[in-house]
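Residue numbers begin at 1 in each chain, while the letters A, B, ... track the order of the sequences.
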Protein chains: 2
Amino acid sequence: MTEVEKQRNNNEKRERILEGALKAFAKKGFYNTKVSEIASEAGVADGTIYLYFKNKDDLLISLFEDRMEWVIERLQAELSAVSGDSLVKLRAFVHLHFLLAVENRDLAEFITVELRQSAKFVKEYKNPKFADYLRILQGLIEQGQAEGLIRAELDSKLVSRAIFGALDEVLLQLTLSRSAPGDVVNESTQISAILIDGLITRD
Amino acid sequence: MTEVEKQRNNNEKRERILEGALKAFAKKGFYNTKVSEIASEAGVADGTIYLYFKNKDDLLISLFEDRMEWVIERLQAELSAVSGDSLVKLRAFVHLHFLLAVENRDLAEFITVELRQSAKFVKEYKNPKFADYLRILQGLIEQGQAEGLIRAELDSKLVSRAIFGALDEVLLQLTLSRSAPGDVVNESTQISAILIDGLITRD
DNA sequence: TTGGCTACTGAATCGCCATTCATTTCTTAG
DNA sequence: CTAAGAAATGAATGGCGATTCAGTAGCCAA
């Protein structure tokens with residue numbers, strides 16, 4: 001086996017473990033998932049997990065890093081393909097957020113449910129990838145402010161937090177109720193409408 | 001000891017345990033908190049906890065119920081003292097949400113961080129009190145729609161979820177960073193402004 | 001004073017599960 | 001083909017911590 005193939009092999013096993021962990025965490029949550037369950041889901045022995053990850057916490061963090069990186073790449077790729085002003089991009093962002101979640105149920109469930117816990121309780125972990133995600137959103141807001149489309153007096157950091165929160169909570173409901181993909185278009189359209197134009201009626 | 005005094009005594013001990021649990025859960029999270037830590041925080045023996053609660057899960061759920069009930073009562077009391085149209089009330093709601101959180105740090109931290117986990121993983125638990133909270137918000141939206149102030153085409157359930165999510169995420173940030181009470185007024189004002197008027201500039 | 005009742009205590013139990021590591025299996029260079 | 005080294009295995013270990021329960025303490029009524 002060449003070095004390259006060896007590398008691929010390693011990554012494939014590592015990936016299988018991550019995939020098993022994702023599935024298990026999404027179903028039962030981090031604390032209620034046994035390492036042995038992840039192992040069996042991944043089709044490896046319990047001990048094998050410890051060849052790829054330091055411990056259960058490390059597995060959790062690695063899973064975050066890995067999947068968030070993937071999400072961010074997809075998001076950026078799709079966003080850069082959108083042409084138009086920042087409001088158009090913001091609408092696209094909202095839509096993509098939902099779309100990615102619906103296409104990756106387990107991942108969405110894992111992130112919406114475990115993100116908070118982990119951010120707080122897995123010692124030392126500062127969750128840089130999540131910060132990156134927020135920064136993309138914040139960048140859109142600031143772009144809009146620079147273009148004069150979004151009110152300049154708003155704190156872009158606060159706004160991006162709030163938007164993320166709104167999306168996340170609606171998604172939580174969606175994933176937990178395991179409802180049909182439903183009208184993602186409808187939901188994302190309504191959220192965008194509120195964000196951009198507000199709740200009030202106009203003449 | 002009369003029956004009444006006995007009752008009060010019981011409730012006082014029960015309350016001490018709930019208070020200890022709240023403090024501990026807020027600091028270390030449900031899964032990282034030992035029952036013995038709660039006991040020592042409450043100044044009772046480990047076994048005493050099991051005289052008042054079936055098990056650790058039951059303690060968690062009871063804590064939710066109890067504190068959410070209190071929050072809802074305060075919220076309703078304060079809201080009913082607000083006179084004005086539904087937009088005024090919505091602004092007050094947002095403001096109160098932040099205010100209550102800042103006045104009750106541990107409670108806010110507990111609710112923002114543990115609510116999701118519990119809703120999903122404590123078997124059987126449907127979290128009715130949280131549903132009540134959302135319903136208050138939903139009621140405000142619907143009132144606004146009836147008054148013609150809020151766009152009728154919006155799904156009030158979706159909207160109330162989204163608003164709650166926005167508030168919750170901003171609060172999460174606030175409580176986790178343990179930042180100074182800071183400008184709660186500023187934050188709640190900006191959030192209300194976005195909700196009501198939207199992000200965009202107006203001529 | 002005593003006996004019974006209730007509330008409380010906290011040390012001991014017991015099951016669980018993350019982690020380890022002696023052993024086995026696979027891989028490849030010579 | 002062979003032997004060394006790498007990778008994987010999964011049964012055994014060890015510690016932890018929720019829960020239990022035999023015993024203690026306080027209280028009251030007779």
Side-chain angles (χ1 to χ4, degrees), chain A residues 1-25 27-63 114 117-118 121-125, chain B residues 1-25 27-63 114 117-118 121-125:
Chain A
M1 199 188 290
T2 69
E3 275 307 315
V4 172
E5 280 168 335
K6 217 183 281 183
Q7 190 56 33
R8 182 182 315 138
N9 218 342
N10 277 349
N11 286 341
E12 272 170 20
K13 191 151 286 186
R14 189 187 135 97
E15 175 55 29
R16 280 227 310 282
I17 294 171
L18 287 175
E19 191 57 33
L22 175 59
K23 206 165 164 183
F25 290 161
K27 184 152 55 164
K28 320 182 55 178
F30 177 73
Y31 291 103
N32 296 309
T33 297
K34 291 177 265 229
V35 171
S36 65
E37 290 171 346
I38 297 170
S40 101
E41 184 73 55
V44 300
D46 296 10
T48 304
I49 289 182
Y50 292 86
L51 300 176
Y52 293 88
F53 303 95
K54 196 148 42 65
N55 53 38
K56 200 183 166 192
D57 277 10
D58 182 45
L59 176 52
L60 177 70
I61 291 175
S62 303
L63 185 56
E114 304 290 336
Q117 284 275 339
S118 314
F121 299 118
V122 179
K123 55 188 175 319
E124 300 298 313
Y125 182 47
Chain B
M1 197 186 294
T2 69
E3 276 307 314
V4 171
E5 281 168 334
K6 216 182 282 179
Q7 190 56 32
R8 181 181 316 135
N9 220 341
N10 277 348
N11 285 341
E12 272 170 21
K13 192 150 285 184
R14 188 187 136 98
E15 175 54 30
R16 280 228 309 282
I17 295 171
L18 287 175
E19 191 57 34
L22 175 58
K23 206 166 164 183
F25 290 161
K27 183 152 57 165
K28 317 181 58 178
F30 177 72
Y31 290 103
N32 295 311
T33 297
K34 291 178 268 232
V35 171
S36 65
E37 289 171 347
I38 297 171
S40 101
E41 184 72 55
V44 301
D46 296 12
T48 304
I49 289 184
Y50 292 86
L51 299 176
Y52 292 90
F53 303 95
K54 196 147 42 66
N55 51 39
K56 198 182 168 192
D57 277 9
D58 182 44
L59 176 53
L60 176 70
I61 291 176
S62 303
L63 185 57
E114 305 290 335
Q117 284 275 340
S118 314
F121 298 118
V122 179
K123 55 188 174 318
E124 302 296 315
Y125 182 47

- For atom OH of Tyr50(B) and atom C1' of dC21(D), their distance in whole Å: 13 Å
- Item | Residue-phosphate contact under 4.0 Å: Lys34(B) side-chain N/O, dC16(D) OP1/OP2 | no
- Message: Over all strands shown, is Ile49(A) touching base, sugar-phosphate only, or nothing at heavy-atom distances under 4.0 angstrom?
- Response: nothing
- Just one of Tyr50(B), Phe53(B), Tyr52(B) clears the side-chain contact (heavy atoms from CB on, under 4.5 Å) bar with Leu59(B), so which one? Phe53(B)
- Task: Take atom CG of Asn55(B) and atom P of dT20(D), then tell me their distance rounded to the nearest Å.
- Result: 9 Å
- From CG (Asp58(B)) to CD1 (Ile49(B)), nearest 0.5 Å: 11.5 Å
- Find the distance Glu37(A):CD to dG10(D):C1' and express it as a whole number of Å. 16 Å
- Within this structure, what is the CG-to-C1' distance between Asp46(A) and dA11(D), rounded to whole angstrom? 10 Å
- Message: Measuring to OP1 and OP2 of dT19(C), would you say a side-chain N or O of Lys56(A) lies under 4.0 angstrom away?
- Response: no
- Take the protein atom CG of Leu51(A) and the nucleotide atom P of dT9(D), then report the distance between them rounded to whole Å. 9 Å
- Between Asn32(A) (CG) and dC17(C) (P), how many Å, whole number? 9 Å
- Query: Nearest to the side chain of Ala45(A) - dT19(C), dT9(C), dG10(D)?
  - Reply: dG10(D)
- Looking at every strand, decide which applies to Ser40(B) at a 4.0 Å heavy-atom threshold: base, sugar-phosphate, or nothing. nothing
- Task: With Lys28(A) as reference, evaluate Glu37(A), Glu114(A), Glu41(A) under the salt bridge (Lys or Arg N to Asp or Glu O under 4.0 Å) test and give the passing residue.
- Result: Glu37(A)
- Message: I want to check one thing: is the phosphate of dA8(D), taken as OP1 and OP2, less than 4.0 Å away from some side-chain N or O of Tyr52(A)?
- Response: yes
- Does Lys56(A) reach the main-chain N or O of Thr33(A) with its side chain, forming a donor-acceptor pair under 3.5 Å? yes
- Item | For Asp57(B), the option from Phe121(B), Tyr125(B), Phe30(B) that meets side-chain contact (heavy atoms from CB on, under 4.5 Å) | Phe30(B)
- Atom NZ of Lys13(A) and atom C1' of dA7(D): how far apart are they, to the nearest Å? 8 Å
- Message: Under 4.0 Å from OP1 or OP2 of dC8(C): is there any side-chain N or O of Thr48(B) that close?
- Response: no
- Rounded to whole Å, the CD1-P distance (Ile38(B) to dG10(C)) equals 17 Å
